[in-house]
> 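Below is the structure I would like to discuss, written out as structure tokens.
Treat the numbers as computed from the prediction; the structure is a model and nothing was measured.
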Amino acid sequence: GLLSEPCRTMVMIAATAGLRESELFALKDEDFDLNNGILTIRRRLYRGKLGDVKTKKSKRELPLLPEVVEAVKSLSHEGPFLFLGPNGTGENALVRTTREAFTMVADQLGIPHFTWRSFRRSAESAMHNHGVSLKTQASMLGHSNPNMSLVYAETNETAKREAVEELGNLIFPKFSQVATGVASRAV
């Protein structure tokens, strides 16, 4: 793969769980129930300080994909922290290393600049565009207000076309879709 460890596993977790950067860096072994595929978000590392999560709703349990479970199982690290040094040190070096790795991979793939927040936005947009309920989205992202999840959601042309077609089905149920060009609609 293009990313080496621990960046690879960090990306897998960030992309599938939509974690905040501060939550990702604070992960410890005890946060993972690998037998049941559950990740518990308990703390964050923000501006070099380990502390409570951002909000009450930020403390949450998230399901893990089997591929992520296997990646975490095979990850080698010292101490209780998954991605930091044995005492929770090395945040600045880790941020710098992952940023350099991301920039290199993004350049190779022709993707514009992205950060850890890009993974959070992508996870939210994917959930939003695939019909995941707003309540579930908020729960996954740790938002206390479900409407906050919409800040991260981005739509795409396919989603907009599907919305127009759905409206067409509701308004003109007896006619074919305009997008198919099969029949014209008369009102």
Side-chain angles (χ1 to χ4, degrees), residues 3 6-73 75 77 79-92 94-95 97-99 102 113-156 158-160 162-163:
L3 287 173
C7 289
R8 180 180 171 274
T9 299
M10 293 174 81
V11 165
M12 291 177 75
I13 294 169
T16 59
L19 299 185
R20 294 176 178 95
E21 177 181 5
S22 61
E23 295 167 342
L24 183 67
F25 287 171
L27 291 177
K28 292 183 171 185
D29 290 325
E30 68 193 45
D31 300 326
F32 292 88
D33 176 352
L34 297 176
N35 292 327
N36 294 307
I38 301 290
L39 169 60
T40 304
I41 306 303
R42 296 183 167 99
R43 73 194 72 72
R44 69 179 180 154
L45 181 65
Y46 185 69
R47 296 184 178 178
K49 295 185 176 144
L50 198 61
D52 289 334
V53 290
K54 188 174 178 180
T55 68
K56 189 172 97 174
K57 294 280 186 175
S58 295
K59 192 173 276 192
R60 62 202 186 275
E61 288 187 351
L62 300 169
L64 294 171
L65 292 172
E67 296 86 352
V68 175
V69 169
E70 290 308 311
V72 171
K73 281 181 181 178
L75 190 64
H77 63 283
F81 290 93
L82 220 56
F83 305 118
L84 300 174
N87 300 316
T89 58
E91 177 191 16
N92 291 335
L94 181 62
V95 169
T97 302
T98 57
R99 188 174 295 130
F102 285 162
H113 174 74
F114 62 94
T115 64
W116 287 114
R117 183 172 288 194
S118 301
F119 291 109
R120 186 166 170 80
R121 281 188 176 280
S122 295
E124 167 53 23
S125 294
M127 287 188 284
H128 178 76
N129 288 325
H130 286 88
V132 174
S133 76
L134 196 52
K135 188 169 183 166
T136 300
Q137 293 172 42
S139 176
M140 290 280 300
L141 295 174
H143 289 148
S144 51
N145 180 346
N147 290 329
M148 185 62 192
S149 300
L150 294 176
V151 170
Y152 288 93
E154 294 181 15
T155 191
N156 58 42
T158 302
K160 288 190 272 187
E162 289 171 356

> Between L45 and L50, what is the shortest heavy-atom contact and its length?
CD1-N, 3.6 Å
> Looking at side-chain heavy atoms only, is the closest gap between L39 and V68 below 4.5 Å?
no
> So, does R120 use its side chain to make a donor-acceptor pair with the main chain of G18 at under 3.5 Å?
yes
> Just so I know, are the side chains of L141 and M127 near enough to count as touching, which here means a heavy-atom distance under 4.5 Å?
yes
> Is there a side-chain contact between Y46 and E21, using heavy atoms and a 4.5 Å cut-off?
no
> In terms of side-chain geometry, is the basic nitrogen of R20 or E23 positioned less than 4.0 Å from the acidic oxygen of its partner?
yes
> Answer yes or no: is there a donor N or O on one side and an acceptor on the other, between the side chain of H130 and the main chain of A126, under 3.5 Å?
yes
> What are the two closest non-hydrogen atoms of A71 and R8, and how far apart are they?
CB-NH1, 4.0 Å
> Counting only heavy atoms not in D52 (residues, nucleotides, ligands), do more than 12 fall under 6.0 Å from its CG?
no
> Below 4.5 Å, heavy atoms only, C-beta onward: do P6 and L75 meet side chain to side chain?
yes
> For R44, which residues count as a salt bridge (Lys or Arg N to Asp or Glu O under 4.0 Å) partner, sequence neighbours excluded?
none
> Is there a side-chain contact between H77 and F83 in this structure, where contact means two heavy atoms from C-beta onward sitting under 4.5 Å apart?
no
> Contact between Q137 and M140 at the side-chain level, heavy atoms closer than 4.5 Å - yes or no?
no
> Taking only Lys NZ, Arg NE, NH1 and NH2, and the carboxylate oxygens of Asp or Glu, determine whether E61 and R42 approach each other closer than 4.0 Å.
no
> Using every non-hydrogen atom in the two residues, find where L62 and S139 come nearest and quote the distance to one decimal.
CD2-O, 4.5 Å
> Rounded to the nearest 0.5 Å, what separation is found between the CG atom of N36 and the CG atom of L64?
10.5 Å
> How long is the span from the OG atom in S58 to the NE2 atom in H143, to the nearest 0.5 Å?
7.5 Å
> Quick check against the 3.5 Å criterion: does S125 have a side-chain atom that pairs as donor or acceptor with the backbone of R121?
yes
> How far does CG of L27 sit from OG1 of T9, to the nearest 0.5 angstrom?
11.5 Å
> Any donor-acceptor pair under 3.5 Å linking the side chain of S122 with the backbone of S118?
yes
> Is it the case that over 12 heavy atoms from other parts of the model lie below 6.0 angstrom from the NZ atom of K56?
no
> Between the main-chain N or O of I41 and the side-chain N or O of R60, is there a donor-acceptor pair closer than 3.5 Å?
no
> Might you work through the side chain to side chain contact (heavy atoms under 4.5 Å, CB included) test for L82 and F32, ending with a clear yes or no?
CA-CA 10 Å; L82 220 56; F32 292 88; 3.4 Å; yes
> Rounded to the nearest 0.5 Å, what separates atom CZ in F25 from atom CZ in F81?
13.0 Å
> Spell out, as yes or no, whether a donor-acceptor pair under 3.5 Å connects the side chain of D31 to the backbone of K28.
yes
> Is it the case that more than 12 heavy atoms not belonging to K59 sit under 6.0 Å from its NZ atom?
no
